[in-house]
Amino acid sequence: MGKMATVVSSVATLATEPGEDAFRKLFRFYRQSRPEKGDLGGVIDFSAAHVGRSTGPGTQKVVRSQLSVSSVSEHNAHRAGLKPVSKWQAYGLEGYPGFIFIPNPFLPGYQWHWVKQCLKLYSQKPNVCNLDKHMSKEEPRDLWEQSKEFLRCKELNKRRPRSLLEKLRWVTLGYHYNWDSKKYSADHYTPFPSDLAFLSEQVAAACGFQGFRAEAGILNYYRLDSTLGIHVDRSELDHSRPLLSFSFGQSAIFLLGGLKRDETPTAMFMHSGDIMVMSGFSRLLNHAVPRVLPNPEGEGLPHCLETPLPAILPKDAVVEPCSVEDRQVCASYLRTARVNMTVRQVLAKDQDFPLEPMEENKRDVTTEDFCHLGGQNNQVKRARLNLDS
């Protein structure tokens with residue numbers, strides 16, 4: 001039996017051993033794996049997917065997903081930086097109805113717009129982030145301006161203190177998620193970014209969800225030692241609408257489980273530009289990110305990020321030019337990081353938030369000093385942010 005077959009077999013065996021539930025076992029297994037030693041057997045790579053085949057014992061069969069090509073015009077796709085939907089590849093997994101994986105449908109160079117927005121624009125007030133607790137309300141929060149020189153000099157001084165952008169762990173958009181109460185509320189809302197709303201509407205429509213409204217977003221900023229613990233996104237009040245996930249930067253392993261935590265999850269790679277859609281049965285499944293993978297070629301960028309954003313863009317594009325300086329800063333950040341945008345519709349049409357006790361409504365998420373991305377010492381639970389590290 002070859003090295004890869006041995007690893008896949010051991011993963012399947014690990015998931016069936018008694019004791020700790022299968023999801024936590026595999027979370028720990030992939031968290032502690034050593035990619036350079038070939039320890040990543042059993043992980044589906046949709047960028048090289050073979051329809052109708054499984055990748056080994058205990059893994060799910062990859063199937064083709066149908067897209068609604070006529071629902072998104074080529075012009076609107078281009079405006080959002082996407083290839084025509086007819087040129088997208090879309091896959092699902094046998095046993096996971098409603099789960100759609102779209103390997104990088106972005107036009108060459110256009111990912112840079114979304115990376116820049118996550119780092120330069122979406123991180124600014126009035127959006128909420130994990131650093132707010134440590135800054136006065138009067139203090140301007142321009143993480144980009146305070147960090148760009150640090151990042152541009154990163155190669156010259158590897159022992160320098162981390163910039164504020166490198167300490168950023170999450171940002172919320174639109175209806176701001178309250179990490180303490182695990183709820184959204186009508187009185188904690190800021191306008192959702194129009195460019196991200198347009199991108200989300202095109203992707204949702206291509207997947208058969210016309211009329212999707214982007215009302216809330218959670219952006220996660222991963223370092224190489226970051227994890228995202230096992231959880232279900234159930235706080236939205238309308239679960240009939242999909243959850244959209246966009247990945248940029250270094251690759252990661254994503255675990256998709258079942259309705260219960262003791263069900264064995266399926267592992268898959270998420271590469272830069274990949275989009276995942278969780279809908280229907282798959283909308284409320286347990287999932288997690290146990291590992292961000294360093295570039296096998298050192299501190300380099302994925303090949304799809306080697307192309308700059310074109311200088312000439314469609315006149316009505318939601319994508320904006322990205323200067324050489326901005327791209328340099330973003331590239332320096334992404335060499336050791338990954339950014340993920342998740343977009344949700346919170347309310348059904350004509351639905352309102354239920355009335356809550358006054359003390360619940362007055363709770364302020366900016367006082368929350370926990371980050372839901374764990375590091376090496378906390379693989380499943382939320383980790384306390386250490387601004388001095």
Side-chain angles (χ1 to χ4, degrees), residues 80 114 117-119 121-133 135 137 141 143 168-205 207 209-221 228-229 231-247 275-279 282-285 287 318 339-373 382:
W114 302 106
Q117 295 297 83
C118 288
L119 297 177
L121 182 65
Y122 300 158
S123 61
Q124 294 186 23
K125 292 179 179 177
N127 299 329
V128 179
C129 80
N130 62 283
L131 297 178
D132 288 341
K133 159 91 174 155
M135 308 175 79
K137 292 187 177 181
R141 188 185 79 204
L143 305 185
L168 186 63
R169 292 295 174 266
W170 55 262
V171 168
T172 57
L173 310 172
Y175 288 115
H176 296 286
Y177 184 69
N178 186 317
W179 301 104
D180 192 18
S181 67
K182 295 181 170 54
K183 293 181 180 180
Y184 300 97
S185 61
D187 60 354
H188 203 157
Y189 174 84
T190 56
F192 194 93
S194 59
D195 57 348
L196 182 53
F198 185 81
L199 170 68
S200 303
E201 289 161 6
Q202 307 316 304
V203 172
C207 294
F209 294 96
Q210 290 82 3
F212 174 84
R213 298 194 311 274
E215 295 178 327
I218 297 179
L219 314 182
N220 288 325
Y221 301 78
L228 181 63
H231 69 286
V232 175
D233 292 284
R234 58 165 55 94
S235 298
E236 296 74 33
L237 300 184
D238 182 10
H239 296 152
S240 70
R241 311 305 278 172
L243 173 70
L244 311 180
S245 172
F246 304 84
S247 295
I275 299 174
M276 288 193 310
V277 179
M278 297 175 67
S279 66
S282 296
R283 177 62 178 80
L284 296 176
L285 297 183
H287 54 279
V318 300
V339 178
N340 178 253
M341 309 186 302
T342 58
V343 180
R344 309 105 188 285
Q345 179 172 327
V346 177
L347 299 168
K349 185 179 179 180
D350 299 325
Q351 184 179 19
D352 294 319
F353 286 100
L355 294 177
E356 298 283 353
M358 287 300 294
E359 58 269 19
E360 181 71 27
N361 280 339
K362 292 181 178 180
R363 195 174 289 189
D364 185 0
V365 300
T366 63
T367 64
E368 171 64 43
D369 66 346
F370 284 87
C371 172
H372 66 300
L373 289 177
R382 292 184 289 166

Legend entry - Atom pair CD/OG of Glu201 and Ser194 - distance to nearest 0.5 Å: 10.0 Å
Inset, instruction - State, with a plain yes or no, whether a side-chain heavy atom of Ser235 is found less than 4.5 Å away from one of Lys183. - result: no
Legend entry - Flag for Asn178-Ser185: side-chain donor and acceptor within less than 3.5 Å: no
Inset, instruction - State, with a plain yes or no, whether a side-chain heavy atom of Gln345 is found less than 4.5 Å away from one of Phe209. - result: no
Legend entry - Point-to-point distance, once rounded to the nearest 0.5 Å, from OG of Ser247 to CE of Met341: 9.0 Å
Inset, instruction - Using the side chain to side chain contact (heavy atoms under 4.5 Å, CB included) rule, take Ser200 and Phe246 through it: C-alpha gap first, then chi angles, then the decisive distance, then the call. - result: CA-CA 9 Å; Ser200 303; Phe246 304 84; 4.1 Å; yes
Legend entry - Side-chain donor-acceptor pair present, Asp238, Gln351, cut-off under 3.5 Å: no
Legend entry - Side chains of Asp195 and Tyr122, donor plus acceptor under 3.5 Å: yes
Legend entry - Note, Tyr221 side chain near Asn130 side chain (heavy atom, < 4.5 Å): no
Inset, instruction - Please check if any side-chain donor atom of His176 sits under 3.5 Å from a side-chain acceptor atom of Asn127, or the reverse. - result: no
Inset, instruction - Tell me, please, which residues at least two apart from Glu236 pass side chain to side chain donor-acceptor pair (under 3.5 Å). - result: Tyr184, Arg283, Arg344
Inset, instruction - Please say which of Leu219, Ile218, Leu244, Leu173 ends up in a side chain to side chain contact (heavy atoms under 4.5 Å, CB included) with Thr342. - result: Ile218
Inset, instruction - Please tell me if the side chains of Val128 and Val171 come closer than 4.5 Å, counting only heavy atoms from C-beta onward. - result: no
Legend entry - Contact check, side chains of Leu237 and Pro354, non-hydrogen atoms, under 4.5 Å: yes
Legend entry - Any side-chain heavy-atom pair of Trp170 and Trp179 under 4.5 Å: yes
Inset, instruction - Could you tell me whether the side chain of Arg241 reaches within less than 4.5 Å of the side chain of Val346, counting heavy atoms only? - result: no
Legend entry - Side chain proximity check, Ser123 to Leu168, heavy atoms < 4.5 angstrom: yes
